[in-house]
Amino acid sequence: MTTTALNRPAMNVRNLTAPQISTLKALLFLLCLMPAGLLVKGFFDDALGANPIEAITHATGEWTLRFLLITLAVTPLRKLTHWHWLIRLRRMLGLFTFFYALLHFLTYVVLDQFFDGAAIVLDVLKRPYITVGFSAFVLLIPLAVTSTNAMVRRLGGRRWQALHRSVYGIAILGVMHYWWLVKSDLTQPILYGLVLAALLGFRVWWRNEERKAQLAGKFAMEGPPGVKINQRIIPIKSQTP
Amino acid sequence: MLIKRPDDIRPSEITPPAVYAERRRFLQLSGAGAAALALGGPGALFAAPAGLPGPIAPSPLSTLEEPTPRKDVVSYNNYYEFGTDKRDPARNAHALKTRPWTVTVDGLVGKPRTFDIDEILKLAPLEERIYRLRCVEAWSMVVPWVGFPLAALLKQVDPLGSAKYVEFTTLYDPSVMSRLPVLDWPYKEGLRLDEAMHPLTLMAVGLYGDVLPNQNGAPVRLVVPWKYGFKSAKSIVRIRLTDTQPNTAWNDAGPSEYGFYSNVNPDVDHPRWSQAKERRIGEFLKRKTLPFNGYADQVAGLYAGMDLRAQF
């Protein structure tokens, strides 16, 4: 009736409703497709410069790294803001990381090397930056394959999580891949490396905080911590000659 | 009233590159410029465009290959002082001031001298040299340079018998260039004296029949077509003859990756990528890289007896 609009609860950023999350996911999906769409448009508009294959290779590679870092930012952001719905977007972001990695790989195989198998094998074996980049891509495949709910159930939460923690290593390989291919200007790889270090560093810091909080909780249950600590220190001291 | 044609129209804008390339081919097939001139054919000698004095003669040393479109030659550049993305120089190099400009030629020479850029432009008859350019990053172009042999400049200063090498120093002006320590500025390059005196070695002052655009190394640059592109130093301010091998920017930055000679060689890979093939700008499939970038007949003799794997 006339009061419907007024009765509707104000949007709460901490707790989004299911329809709000669905809308957000749809919008995010389109947004994530934009870099690929712009590349396709640029290709047909002849707007990718003198060396379009190189432009596509660089763009898909950079977007892979960006999506990987965005995916890795979900957990820190969620913990800092308590926007727990962010976790609902993580799978899509992770799959877009794989999507751009796949485009990057296909650009190399099809556009750059044009299926020159011998040259590709030599590259993967002989060129450290390609070895590392190729390994990172291969390691992403099991993560993409096990991204469905059914696979999470089949593996069990703990094993699934252990497998998906390999993404930290993959991200390090990704930054190394970039680092080793530039000729002398390391500005960009350093920036990606710093963001990655911050995201991984956050996890270490957060775990320490949680451990401290846990310890504090334990002391709270066992009585005043000061007394306990003194009681423990005294016997240790008495042992020293 | 007289209608004067504006003098800012470039010949390359008047003549479509395909026609232009065809014309070059005709000239070469017809036994070079003199014959064409005698016939009074069009384009035998270009009219002097604004900024470049005198006529520009075609050269028998030019390749017959199709030149890379001008828009690509002026928008895809490695000129790290103006940024490391290949689109950066075209965006940023307008800040480069090419006048006044002098080039000091000194070191082991009988008559050291500082040349004004306008003297350099008139130092020797200008020629068009259509050369292949092979970048160390495994892409290539065909570029119609305008210039004269470096030998013509060096002869004016009387190199001493003790001179064995030539060092080129390029402009470093931090007020308009990058302050990032990407390379040890100012950029330096070097050649052996016999390489510098080789008839293929060019001092380029123009491109596509007109003044050299800033992003391509204005107002005067080196072009050594059988070596990787980075050897062809841009925007030169000093040329010094020495008896010891000079330090060079990329060799200092990565001695295992960029040798002093850096002759184009499909058999010696860059440690991080293959040099066996190259992508010609505008082409889809890679083509095989040729020893000395296809100039082996002219220059391989310079390296007789050398182990080109060790002295890469």
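The basis for the numbers below is simple: all heavy atoms, side chains too, and nothing from hydrogens, waters or symmetry mates. Just so it is clear: chains get the letters A, B, ... in the order the sequence lines come, proteins before strands, and each one is counted from 1.
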Just to verify, what does [X] make a side chain to side chain donor-acceptor pair (under 3.5 Å) with, not counting sequence neighbours?
X: B/Trp226; answer: B/Asn263, B/Tyr303
X: B/Arg129; answer: B/Ser59, B/Glu127, B/Tyr131
X: B/Tyr172; answer: none

Do you know which of A/Ala119, A/Ala50, A/Pro128 has the most heavy-atom pairs under 4.5 Å to chain B? A/Ala50
Which atoms form the tightest heavy-atom contact between A/Val110 and B/Phe284, and what is the distance? O-CZ, 4.0 Å
Please tabulate, one pair per line, the N or O donor-acceptor pairs under 3.5 Å between chain B and chain A.
from: B/Tyr76; atom 1: OH; to: A/Asn51; atom 2: ND2; distance (Å): 2.8
from: B/Tyr76; atom 1: OH; to: A/Glu54; atom 2: OE1; distance (Å): 2.6
from: B/Tyr76; atom 1: OH; to: A/Glu54; atom 2: OE2; distance (Å): 3.1
from: B/Thr84; atom 1: OG1; to: A/Asp185; atom 2: OD2; distance (Å): 2.6
from: B/Glu137; atom 1: OE2; to: A/Lys183; atom 2: NZ; distance (Å): 2.9
from: B/Asp269; atom 1: OD2; to: A/Arg127; atom 2: NH2; distance (Å): 2.9
from: B/Arg272; atom 1: NH1; to: A/Trp180; atom 2: O; distance (Å): 2.3
from: B/Arg272; atom 1: NH1; to: A/Val182; atom 2: O; distance (Å): 2.8
from: B/Arg272; atom 1: NH2; to: A/Val182; atom 2: O; distance (Å): 3.4
from: B/Lys277; atom 1: NZ; to: A/Asp116; atom 2: OD2; distance (Å): 3.0
from: B/Arg279; atom 1: NH1; to: A/Asp112; atom 2: OD1; distance (Å): 3.1
from: B/Arg279; atom 1: NH2; to: A/Leu111; atom 2: O; distance (Å): 3.1
from: B/Arg279; atom 1: NH2; to: A/Asp112; atom 2: O; distance (Å): 3.1

Which bit of A/Leu181 comes within less than 4.5 Å of chain B, counting heavy atoms only: side chain, backbone, both or neither? backbone
So, the part of B/Pro271 with a heavy atom under 4.5 Å from chain A: the answer is backbone
Which answer fits B/Val73, side chain, backbone, both or neither, if we ask what part of it has an atom under 4.5 Å from a heavy atom of chain A? neither
